[in-house]
Amino acid sequence: MFSAPAVTALYTAHRETLIRLLALEAELNRRFHGMEEAVRCMMLAAMTGEAMVMIGPPGTAKSRLIRAFCSLTGVLTQDPRDAQDTAPAAKSTGKRDERYFEYLLTQFTEPSELFGFFNLAKLMDKPPALERLEEGQMQRAEVVFLDEVFNASSAILNALLTFMNERKFHDRGQVIQTPLKLLFAATNHPPREDGLGAVYDRFLLRCRMENAPAGTESLGRLLAAAWTETHDHGTVRREAFAGLLDGLQAYRDGVEKQTTEGKLAIDPQSAVLARLADIVANLRRRELSEMSNRRLVKFSAVVLAQALLRSAAATAKTAEITPQDLNVILSYGLDQHEPGTVEKIRQDLARP
């Protein structure tokens with residue numbers, strides 16, 4: 001898709017950040033058994049800045065994993081192991097920190113619960129003023145976690161579209177730029193109403209979660225990891241990942257810079273591009289995903305990120321995109337979940 005020299009240039013410039021991100025991935029995999037796909041999805045979201053939604057039944061540690069990521073990177077000041085998993089809907093986990101915002105959405109949630117209520121005292125001023133109490137609200141956060149996101153009302157979902165896409169908050173005609181770097185969401189099931197299609201499409205990365213298989217070995221590993229995660233209150237390794245999100249922002253800035261300079265561009269003759277076309281045709285024919293133009297463009301950045309992480313994990317000196325890197329589309333880009341069909345497409349992709 002992209003030329004090998006351009007990919008290698010990015011890889012060389014940001015190798016240290018990639019190595020630190022792989023170390024974070026290893027730490028989360030150590031703490032959360034059987035969640036390797038979800039953790040890798042988080043790493044790709046962190047690299048690209050794309051929104052991620054975890055889809056799965058209650059009790060599969062969706063919330064806990066997100067809080068652990070935020071704790072390790074220093075966004076959340078309190079270790080989730082020191083807080084209750086069932087935090088009240090109107091409160092973020094642990095100490096209120098403007099860098100992190102978490103909320104459980106219901107059909108009755110009002111936009112003001114996310115963006116701040118108006119200061120009634122200011123209405124008594126002369127002249128009266130309409131000011132929003134924004135401290136600790138979503139538009140001030142760098143990382144946002146919205147639980148049961150598709151339960152939200154149409155008013156909130158409409159506000160989310162601009163918030164997610166443009167990193168902007170529209171407030172009574174005023175456009176406010178937000179510091180948002182990452183948006184995570186969780187849901188028990190994909191949206192079923194037709195009206196939620198636009199919002200669902202904005203969640204580029206979709207990771208499906210399942211309970212552990214009921215085998216002795218699998219349950220034993222799950223219980224061992226989960227018991228330690230729940231009850232071990234050891235020191236959090238925040239110092240190892242301090243400034244990592246800033247490094248990832250520098251990587252995204254590097255992608256923009258190389259593109260502007262004409263160094264990072266799609267190669268229409270790329271063999272990988274031909275394999276991508278086969279995948280897209282397959283997915284559309286089998287109605288696994290419409291793969292809209294917007295999602296295809298955005299997934300190009302995800303495929304690039306996967307290639308860089310794979311190269312860093314192999315301690316390679318150079319980097320390039322291979323057909324196997326396209327597997328991220330099959331793992332995190334589908335509308336419908338049909339494991340058998342997806343596995344067949346993976347096998348076709350693995351052939352020379």
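The structure presented is a predicted model; accordingly, all values stated were derived computationally and were not measured. Computed from heavy atoms alone, side chains included, the values below leave out hydrogens, waters and symmetry copies. Residue numbers run from 1 in the order of the sequence given.
Of the inter-residue distances, the one linking Ser311 atom OG with Lys317 atom NZ reads 14.0 Å to the nearest 0.5 angstrom. Note that OH of Tyr11 and CD of Glu320 are 12.0 Å apart. Values are rounded to the nearest 0.5 Å. Atom CE of Met54 and atom NZ of Lys62 lie 9.0 Å apart (nearest 0.5 Å). Note that the CG atom of Leu244 and the OH atom of Tyr251 stand 13.5 Å from one another [nearest 0.5 Å]. How far CG of Leu24 is from CZ of Arg20: 9.5 Å, rounded to the nearest 0.5 Å. In this structure, the separation between CG on Leu72 and CZ on Arg67 is 14.5 Å, given to the nearest 0.5 Å.
Between the side chain of Arg99 and the main chain of Gly74, a donor-acceptor pair closer than 3.5 Å is present. A donor-acceptor pair is defined here as one N or O able to donate and one able to accept, closer than 3.5 Å; such a pair exists between the side chain of Ser270 and the backbone of Met1. Proximity of a side-chain donor or acceptor of Arg284 to a complementary backbone N or O of Glu290 within less than 3.5 Å is detected. The main-chain N or O of Arg295 is found under 3.5 Å from a side-chain atom of Ser292 such that the two form a donor-acceptor pair. Looking only at distances, no side-chain donor or acceptor of Thr109 sits under 3.5 Å from a matching main-chain atom of Leu105. Of the possible donor and acceptor atoms, none in the side chain of Asp325 sits under 3.5 Å from a partner among the backbone N and O of Ile321. With Glu113 contributing its side chain and Glu110 its backbone, the two residues share a donor-acceptor pair below 3.5 Å. Under the 3.5 Å distance criterion, the side-chain polar atoms of Thr60 are left unmatched by any main-chain donor or acceptor of Gly56. A donor-acceptor distance shorter than 3.5 angstrom exists from the side chain of Ser300 to the backbone of Leu296, with no hydrogens or angles considered. With Thr162 contributing its side chain and Asn158 its backbone, the two residues share no donor-acceptor pair below 3.5 Å.
Side-chain contact check for Pro57 versus Asn211: some heavy-atom pair is nearer than 4.5 Å. In this structure the side chain of Leu182 reaches within 4.5 angstrom of the side chain of Leu245, judged on heavy atoms. Contact check for Leu276 versus Ile329: side-chain heavy atoms found under the 4.5 Å cut-off. Side-chain atoms of Leu326 and Leu349, non-hydrogen and from C-beta on, do get closer than 4.5 Å to each other. At least one side-chain heavy atom of Leu283 sits under 4.5 Å from a side-chain heavy atom of Leu330. Looking at Val297 and Asn293, their side chains never come closer than 4.5 Å, going by heavy atoms from C-beta outward. In this structure, the side chains of Ser3 and Asp267 stay at 4.5 Å or more apart for every pair of heavy atoms. Side-chain contact between Thr318 and Thr12 is absent, with no heavy atoms from C-beta onward closer than 4.5 Å.
The local environment of CD in Glu287 is sparse, with at most 12 non-hydrogen atoms from other residues, nucleotides or ligands closer than 6.0 Å. Counting non-hydrogen atoms of neighbouring residues, nucleotides and ligands closer than 6.0 angstrom, the CD atom of Gln347 exceeds 12 such neighbours. Environment of CZ in Arg221: sparse, with no more than 12 heavy atoms of neighbouring residues, nucleotides or ligands closer than 6.0 Å. In the displayed structure, Glu16 atom CD is contacted under 6.0 Å by at most 12 heavy atoms of other residues, nucleotides or ligands. For Glu217, the CD atom is loosely surrounded, since the number of other residues' heavy atoms within 6.0 Å does not exceed 12.
Under a hydrophobic clustering in which Ile, Leu, Val, Met, Phe, Trp and Tyr are joined whenever their side-chain heavy atoms come within less than 4.5 Å, directly or via other members, Ile176 and Phe101 fall into the same cluster. Cluster annotation: Leu114 is not connected to Phe117 through the hydrophobic network of ILVMFWY side chains, with a link wherever side-chain heavy atoms come within less than 4.5 Å. One hydrophobic cluster, built from ILVMFWY side chains closer than 4.5 Å, holds both Leu334 and Val328. Ile19 and Met43 fall into different hydrophobic clusters, defined by Ile, Leu, Val, Met, Phe, Trp and Tyr side-chain heavy atoms under 4.5 Å apart, directly or through other members. One hydrophobic cluster, built from ILVMFWY side chains closer than 4.5 Å, cannot hold both Phe115 and Leu133; they sit in different ones.
Heavy atoms only, all atoms of each residue included: Met52 and Ala45 are closest at CB-CB, 4.1 Å. Ala46 approaches Arg252 most closely through the heavy-atom pair O-NH1, 2.7 Å. The shortest heavy-atom contact between Ala23 and Phe241 is C-CE2, 3.7 Å. Considering all non-hydrogen atoms of both residues, Ala313 and Leu22 come closest at N-CD1, 3.4 Å. Closest heavy-atom contact between Ala312 and Leu18: CB-CB, 3.9 Å. Minimum interatomic distance between Ala68 and Leu28 (heavy atoms only, all atoms of both residues): CB-CD2, 4.0 Å.
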* For Asn188 and Glu148, what are the C-alpha separation, side-chain angles and deciding distance, and is it a side chain to side chain contact (heavy atoms under 4.5 Å, CB included)? -> CA-CA 7 Å; Asn188 290 341; Glu148 291 303 331; 3.0 Å; yes
* To do: Could you check Met35 against Arg64 for side chain to side chain contact (heavy atoms under 4.5 Å, CB included), going step by step and ending with a plain yes or no?
  => CA-CA 12 Å; Met35 298 181 69; Arg64 188 112 184 174; over 6 Å; no
* To do: Let me see the working for Leu205 and Phe203 under side chain to side chain contact (heavy atoms under 4.5 Å, CB included), right down to the final yes or no.
  => CA-CA 6 Å; Leu205 297 167; Phe203 284 98; over 6 Å; no
* Please report the C-alpha distance between Asn29 and Glu25 in whole Å, then the side-chain angles of each, then the deciding distance to 0.1 Å, and finally whether the side-chain hydrogen bond (donor to acceptor under 3.5 Å, both in side chains) criterion is met. => CA-CA 6 Å; Asn29 281 331; Glu25 181 178 35; 4.6 Å; no
* Derivation and outcome, side chain to side chain contact (heavy atoms under 4.5 Å, CB included), residues Val303 and Phe2 -> CA-CA 10 Å; Val303 172; Phe2 300 101; over 6 Å; no
* Asked: Are Glu37 and Arg40 close enough, and set up right, to give a salt bridge (charged side-chain N to carboxylate O under 4.0 Å, His left out), and what steps lead you there?
  -> CA-CA 5 Å; Glu37 280 213 357; Arg40 172 50 62 102; over 6 Å; no
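Using cut-offs of 30° and 60° for the angle between ring planes, the His231 and Trp227 rings count as tilted.
In this model, no donor atom of one side chain and acceptor atom of the other lie less than 3.5 Å apart for Ser331 and Arg206. Judged purely by distance below 3.5 Å, without hydrogens or angles, the side chains of Glu102 and Tyr100 pair a donor atom with an acceptor atom. Gln324 and Asn327 form a side-chain donor-acceptor contact under 3.5 Å, judged by distance and modelled atom types alone.
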Would you list the atom pairs, donor with acceptor, under 3.5 Å between side chains in residues 337-345 and any protein atom, with sequence neighbours excluded?
{"residue": "Glu338", "atom": "OE1", "partner": "Thr341", "partner atom": "OG1", "Å": "3.3"}

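Residue pairs meeting the ring pair (Phe, Tyr, Trp, His ring centres under 6.0 Å) criterion with at least one partner in residues 35-76, sequence neighbours excluded, are Phe69-Phe184.
Checked for salt-bridge contact, Asp246 and Lys181 meet the test: a charged N lies under 4.0 Å from a carboxylate O. By the 4.0 Å N-to-carboxylate-O rule, Glu135 lies too far from Arg140 to be salt-bridged with it.
With sequence neighbours excluded, the residues that form a side-chain contact (heavy atoms from CB on, under 4.5 Å) with Thr178 are Gln139, Phe163, Arg167, Phe169, Leu180.
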